[in-house]
Amino acid sequence: MPQILLNGETHEIAAPLSVTALLERLGIDTRRVAVERNLVVVRRAHYDTEIVSEGDEVEIVNFVGGG
Amino acid sequence: MDPLVIAGRSFQSRLIVGTGKYPSNPVMVQAHEASGAEMVTVAVRRVNISDRSRESLLDYIDTSRYTLLPNTAGCYTADEAVRTARLAREAGLSHWVKLEVIGDEKTLFPDNEALLEATRVLVKEGFVVLPYTTDDPVVCRKLEDAGAAAVMPLGAPIGSGLGIQNTNNIRIIREFSHVPVIVDAGVGTASDASLAMELGADAVLMNTAIAGAREPVTMARAMRLAVEAGRLAYTAGRIPRRMYANASSPVEGLVGR
């Protein structure tokens, strides 16, 4: 099974998939996060077309409390 | 009160508050309300992939009312801070950032060299950069020259509650700067906030002083009043300090003389 590095941990994906599909699978509301693939921010408008595949490093972040 | 203007944007409130360390989210909501703030800081962190049950901070911030100011807290290099700022822009759909590049774990003092470097990069990318810096007038001038929309000198270490440690520097920074000066970090209680404003700061940013108080909502109101009082006193122009007394009542017409 292909693996990606998701937020610093290995994560298995069945096959290459779009950012939209990945977020859907993880149950994450796309409106409240930002996604980076291989150190480059993925623009929201590109979530459907940006493909995550084997060996990619993906970061998904959101806002938390801070000063 | 005269409005605070940062990068062409007007704010009625001169108090900026954080969203961290509150006893609960509902208390935070009430404290924000009581503070009168129009801008709140937030941090950027990895989403918890395995536990999706945790509620989102944004459920508790009315973004039509509060401007989000994402920070780069916890970043120790210019690269990390730039990366975090870019993510924050995408998550918040705003190009404002409170830029932090920390240089030391114990004091959380900024690494000013890396801060300048990150400021230059982000300004070039169109960000409105509000850098958290030491209370050094020369560094503040360099940050302004690099395109910072405001400078945010610390009053004391983050979360220390020590109050303004170098009042003279804050005054000098105000005199040198052509952008707003926001005292960020170090406030412990209301008089610290008033003092910052009396020294000429254009605004004060705080988190722990409110969130960590026994009664955060009451402290938030105290801070609102303190910032207003300090600003008004600064605008009004205080009397000079004198060594000796100067009678308030007439010295003429005293009974029996």
Chain A to chain B donor-acceptor contacts, backbone plus side chain, under 3.5 Å:
unit_1	atom_1	unit_2	atom_2	d
Asn7(A)	O	Arg46(B)	NH1	3.3
Asn7(A)	ND2	Val47(B)	O	2.9
Arg32(A)	NH1	Ser56(B)	OG	3.4
Arg32(A)	NH1	Asp59(B)	OD1	2.6
Arg32(A)	NH2	Asp59(B)	OD1	3.2
Glu36(A)	OE1	Arg83(B)	NE	3.0
Glu36(A)	OE1	Arg83(B)	NH2	2.6
Glu36(A)	OE2	Arg83(B)	NE	2.8
Arg43(A)	NE	Glu90(B)	OE1	2.9
Arg44(A)	N	Glu90(B)	OE2	2.8
Arg44(A)	NE	Glu90(B)	O	3.1
Arg44(A)	NH2	Glu90(B)	O	2.7
Arg44(A)	NH2	Ala91(B)	O	3.2
Glu59(A)	OE1	Arg46(B)	NE	2.7
Glu59(A)	OE2	Arg46(B)	NH2	2.8
Ile60(A)	O	Val47(B)	N	2.8
Asn62(A)	N	Arg45(B)	O	2.8
Asn62(A)	O	Arg45(B)	N	3.0
Val64(A)	N	Ala43(B)	O	2.8
Val64(A)	O	Ala43(B)	N	2.8
Gly66(A)	N	Thr19(B)	OG1	2.9
Gly66(A)	O	Thr19(B)	N	2.8
Gly66(A)	O	Thr19(B)	OG1	3.3
Gly66(A)	O	Thr41(B)	OG1	3.0
Gly66(A)	O	Asn207(B)	ND2	3.3
Gly67(A)	O	Asn71(B)	ND2	2.5
Gly67(A)	O	Lys98(B)	NZ	3.4

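- Between chain A and the residues Gly18(B), Ala91(B), Gly92(B), the largest count of heavy-atom pairs under 4.5 Å involves Ala91(B).
- With a threshold of 4.5 angstrom between heavy atoms, Ala88(B) approaches chain A through its backbone and through its side chain.
- Of all heavy-atom pairs spanning Val61(A) and Leu87(B), the tightest one is CG2-CB, 4.0 Å.
- Heavy-atom pairs under 4.5 Å with chain A peak, among Ile158(B), Val42(B), Ile61(B), at Val42(B).
- Note: Ile49(B) CD1 to Leu26(A) CG = 5.0 Å, rounded to the nearest 0.5 Å.
- Across all non-hydrogen atoms, the minimal contact from Gly65(A) to Ala43(B) is O-CB, 3.9 Å.
- Heavy-atom distances place no part of Val40(A) under 4.5 Å from chain B, backbone and side chain included.
- Annotation: side chain to side chain contact (heavy atoms under 4.5 Å, CB included) contacts of Ala222(B) (sequence neighbours excluded): Ala190(B), Met219(B).
- The contact between Leu68(B) and chain A is made entirely by side chain atoms (from C-beta outward), counting heavy-atom distances below 4.5 Å.
- No other option in Gly67(A), Gly27(A), Gly8(A) has as many heavy-atom pairs under 4.5 Å with chain B as Gly67(A).
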